[in-house]
Amino acid sequence: MAKNNFDFKAVEKKWINFWEKEKIYKFDSKSKKKIYAIDTPPPTVSGKMHIGSAGSYSQMDFIARFMRMRGFNLFYPFGTDDNGLATERLVEKSKKVLSRDMPRDKFIKLCLDYLKKENPEFIKGWKNIGISCDWDFYYSTINAHSRKISQWSFLDLYKKKRMKRRDAPSMWCPECKTGVAQVEVEDKNVPSTFVDVKLKIGKEDLIISTTRPELFPASVAVFYNPKDKRYEHLKGKTAKIPLFDIEVPILEDERTSMDKGTGIAYCATFGDQTDMEWQKAYNLPIKEAISKDGKMTKIAGKYKDMKVKEARKKIIEDLRKGGFLVKQEKITHPVNVHERCGTEIEFVKSKQWFLKYLDLKKEMLKWGAELNWHPKFMKVRYDNWVKGLRWDWLISNQRHFGIPFPVWYCKKCEEVILAREEDLPVDPLKDKPPVKMCPKCKSKEFIPEKDILNTWFTSSMTPTIAIKLTDKKTQKKLFPMNLRPQAHDIISFWLFNTVLKSQLHFKKNPWKDVTISGFVTLKGEKMSKSKGNVVTPQEVTDKYGADALRFWAASSKLGKDFDYQEKDVITGKRLITKLLNASKFVFMNLKNYDYKKLKELEKIDKLFLEKLDFIIEQATRNFEEYNYSMAKSGTEKLFWEFTDNYLEIVKKRVYSGDRNKKKSAQYTLYKSLLTFLKLFAPIIPFITEEIYQEYFKKDEKIKSIHISNWPEAKNPKSANDFDFFCDLLAKVRQTKSSAKKAMNAECVITLTKQNKKALEGMLDDFKNVTNAKEIKEGKFNVEFIEQ
RNA sequence: GGUCCGUUAGGCUAAUGGUAGACCCUCUCGUUUACACCGAGAAGGCGGAGGUUCGAUCCCUCCACGGACCACCA
């Protein structure tokens with residue numbers, strides 16, 4: 001291990017192989033140890049790992065490794081989330097096929113084959129940053145095991161009367177041509193035109209403002225606020241919509257805001273959420289102006305088949321020509337778009353499956369409150385989400401690739417025919433329904449459900465999917481799991497839905513604790529491909545190694561966004577080098593060392609060990625509270641004191657001290673270094689394993705540091721005379737520095753009587769480290785001995 | 001619009017009801033029997049206004065700025 005050729009890549013590879021071969025991270029279902037179960041986030045196989053994932057998976061791994069050393073039997077599975085668009089695209093691209101052109105089960109098979117081939121490479125990315133999952137407990141969210149559980153979830157919820165199929169307006173993406181759930185919709189500011197249009201009420205004009213004149217053919221009413229004096233006289237009258245000559249009633253409703261536009265809102269089915277509420281509240285007719293592919297329908301007359309924006313333009317044009325246009329104004333306003341493709345959401349009538357849950361808001365809040373959130377304030381996002389829910393969960397997608405609904409319909413009476421549990425997983429497109437005839441109408445013809453379950457419907461089952469990988473007896477012990485680690489962007493997606501499912505199925509939260517990681521930014525900005533400010537974990541590990549990357553990830557607290565800073569990675573690299581060199585020094589001086597013959601510890605050694613005990617205690621508490629960054633920084637701080645001060649202090653003693661004094665130092669060195677390694681092991685697993693194996697294993701016997709016992713504090717002292725010693729040492733160093741002398745310049749030191757007394761038992765060490773020939777008593781002074 | 005988080009040295013950050021600590025940068029010096037991927041020393045900081053307190057960077061209120069989540073979006 002010469003100074004410049006520490007080959008971290010070879011070292012990392014060596015230990016990854018070793019851990020795997022020796023099954024160091026194996027979950028032992030027969031063990032009597034207490035279980036600690038983690039619901040690991042299954043990443044999407046999409047090629048390259050993002051540094052944000054590298055960061056948050058590292059943070060999760062710090063906890064996992066700590067718990068393992070702390071004596072828990074760790075259930076730490078790993079999955080990949082492959083039932084979504086990302087995998088579909090990836091497979092289509094690499095196999096040069098189109099999923100739509102082939103039977104679903106065949107495409108799924110293709111995906112599974114692809115995963116089987118590519119997965120080792122993909123998973124390697126996680127192994128490379130030292131993630132210590134038990135890779136034997138692996139799942140893919142599209143494999144038969146997951147399909148079975150996801151479909152079972154549907155059946156169970158159907159039986160619990162939570163599943164409803166409705167033919168009603170719902171959010172629709174004209175680009176992806178599928179219904180979308182509320183969670184899949186996000187805001188986007190887009191430019192638009194606010195137009196003021198004249199409606200006729202008899203001979204009177206009524207001005208309305210709208211951004212969506214293309215919905216005029218679907219007009220069903222006009223509203224004003226009951227408090228609005230301006231329009232009181234219109235009550236009961238009708239207004240005429242220009243271009244389409246539709247007469248609509250003028251109604252009052254308090255949802256109309258008086259200060260928006262002219263205070264008159266026109267209602268078309270379905271322009272937005274309020275339109276839909278109005279439709280229901282006043283039992284207005286349903287008119288569809290926009291079709292599923294985002295084009296105008298026949299009720300739009302001459303605008304039929306035009307795309308929405310095209311029709312809008314044309315209609316504005318025609319309104320102007322007809323003299324109905326009073327004013328138009330360019331604005332930018334937020335609209336709902338599909339988070340996948342950025343396309344503006346329309347409300348379109350279609351048959352969709354919903355998980356009914358709006359009646360459960362109160363319970364949902366309670367479930368959220370029962371979780372231990374780390375950090376606490378992240379719970380607010382869960383609450384916000386629940387309070388803002390307006391739609392039942394739309395779980396059907398009109399897409400081809402994914403997990404099928406285990407459902408057929410009677411062709412004649414539309415009765416829902418469910419698959420039998422024992423037949424799961426099924427694909428209705430290929431498999432026959434479990435009945436020969438409809439139990440209701442005796443018809444013998446059935447139609448398969450073509451839709452697929454939304455990916456989150458499956459992802460929200462990860463605890464069950466993971467747990468069911470074990471044997472029956474173990475399963476009971478694993479639920480609820482201990483921890484769900486994840487990032488904050490998917491609290492409303494993954495976390496919320498998992499809690500919901502677990503509660504509906506099992507009446508229990510799926511886990512006790514939740515840790516929420518922050519986001520990685522670069523110069524304060526979110527990294528994104530479009531901005532071109534992406535740093536990949538590969539380039540970091542190539543340059544500095546996985547431990548350095550993890551060290552950086554450990555410098556940020558849970559819940560806090562953290563900026564990628566190369567200097568922090570470099571600081572980690574420095575620590576690693578220091579650990580290596582300190583170990584080299586320690587063991588250079590430990591030849592033929594036998595601690596058993598040690599009589600008594602020197603005072604300074606004892607003091608240092610007390611401080612170390614304090615750090616053990618602190619780090620343990622911090623790790624237990626998932627506060628790995630504090631644990632790390634405390635350990636780090638004392639470790640630098642260890643190398644900069646303690647090693648300097650005992651140097652001469654180990655070189656040439658008398659027997660017991662030397663042994664005392666040796667004992668302290670051995671003990672301290674091993675403790676530091678263990679405290680650092682969850683954060684930087686590679687270098688700690690390397691040093692452990694090289695120097696400690698032969699005496700410690702345990703196969704790997706990562707399954708060795710977490711250190712115990714015997715006699716912790718937060719502050720003691722070790723600090724006093726170091727302060728005094730610093731004072732001498734300061735004097736030497738300002739006198740422009742070398743640190744090892746020979747000198748004679750004068751200390752006050754009090755200080756000298758405090759150094760009792762450590763005076764020789766003090767002389768050694770300061771290279772003082774003599775310690776006199778008096779006013780503090782350092783005299784230099786001229787050469 | 002509601003809510004949450006943040007604002008600390010030139011940069012990036014940490015902790016804390018009582019002298020605010022690292023790292024990078026800068027300056028000075030040193031060292032080669034663990035380490036130049038080194039060490040020692042120096043310089044440098046709590047967004048603003050009130051309040052609670054013997055004492056506030058920390059607790060409370062308000063403001064400003066930045067970020068995020070949710071909602072509105074005729």
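Residue numbers start from 1 in every chain, and the chains themselves are labelled A, B, ... in the order their sequence lines are given, proteins ahead of strands. Atoms considered below: every heavy atom in the structure, side chains included; atoms not considered: hydrogens, waters and symmetry mates. Quick caveat, the model's predicted, so the values are computed rather than measured.
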* Of residues 183-198 of chain A, the positions that come close to RNA chain B - non-hydrogen atoms, cut-off under 4.0 Å -> A:Asp187
* Among the candidates B:A34, B:G2, B:C29, find the nucleotide nearest to the side-chain atoms of A:Lys740. => B:C29
* **Partners meeting side chain to side chain contact (heavy atoms under 4.5 Å, CB included) with A:Ala181 (sequence neighbours left out)** => A:Val183, A:Glu184, A:Trp393, A:Leu394
* To do: Verify the distance criterion only: is there a donor paired with an acceptor across the side chains of A:Thr269 and A:Gln279 at less than 3.5 Å?
  => no
* Asked: Strictly by modelled atom types, are A:Lys260 and A:Asn225 linked by a side-chain donor-acceptor pair under 3.5 Å?
  -> no
* Atom-to-atom span, CZ of A:Phe8 to C1' of B:C37 - whole angstrom -> 12 Å
* To do: Looking only at non-hydrogen atoms, find the nearest pair between A:Phe347 and A:Asp272 and report the distance.
  => CE1-CA, 3.4 Å
* Structure fact -> Per-nt protein contacts along nucleotides 12-20 of chain B (heavy atom under 4.0 Å; B base, S backbone sugar-phosphate only, - none) come out as B-SS-----
Quick test: give all pairs of protein nitrogen or oxygen and nucleotides 38-42 of chain B nitrogen or oxygen below 3.5 Å, distance rounded to 0.1 Å.
from	atom 1	to	atom 2	distance (Å)
B:C38	OP1	A:Arg574	NE	3.0
B:C38	O3'	A:Lys578	NZ	3.4
B:A40	OP1	A:Asp644	OD2	3.4
B:A42	OP1	A:Gln734	NE2	3.1

* Asked: Among residues 542-549 of chain A, which residues get a heavy atom nearer than 4.0 Å to RNA chain B?
  -> none
* Structure fact -> Taken in chain and number order and not counting sequence neighbours, the residues that satisfy ring-ring contact (aromatic ring centres under 6.0 Å, His included) with A:Phe696 are A:Phe587, A:Tyr670
* 5'-to-3' dot-bracket of RNA chain B (Watson-Crick, G-U; under 3.5 angstrom; crossing pairs as [ ]; | other strand) -> (((((((..((.(....[..).)).((((((....).)))))....(((((..]....))))))))))))....
* **Partners meeting ring-ring contact (aromatic ring centres under 6.0 Å, His included) with A:Phe551 (sequence neighbours left out)** => none
* Considering only side-chain heavy atoms of A:His488, which listed nucleotide, B:A68, B:A34, B:A71, is closest? -> B:A68
* Asked: By side chain to side chain contact (heavy atoms under 4.5 Å, CB included), which residues pair with A:Val348, not counting sequence neighbours?
  -> A:Trp172, A:Lys292, A:Glu346
Using atom types as modelled, flag every donor-acceptor pair under 3.5 Å from a side chain in residues 380-389 of chain A to any protein atom, sequence neighbours excluded.
from	atom 1	to	atom 2	distance (Å)
A:Arg381	NH1	A:His488	ND1	3.3
A:Tyr382	OH	A:Met364	O	2.8
A:Asp383	OD2	A:Lys379	NZ	2.7

* Structure fact -> For residues 621-648 of chain A, the salt bridge (Lys or Arg N to Asp or Glu O under 4.0 Å) pairs (sequence neighbours left out) are A:Arg70-A:Glu624, A:Lys611-A:Glu641, A:Lys632-A:Glu636, A:Glu648-A:Lys651
* **Set of side-chain hydrogen bond (donor to acceptor under 3.5 Å, both in side chains) partners for A:Lys543, sequence neighbours left out** => A:Glu566
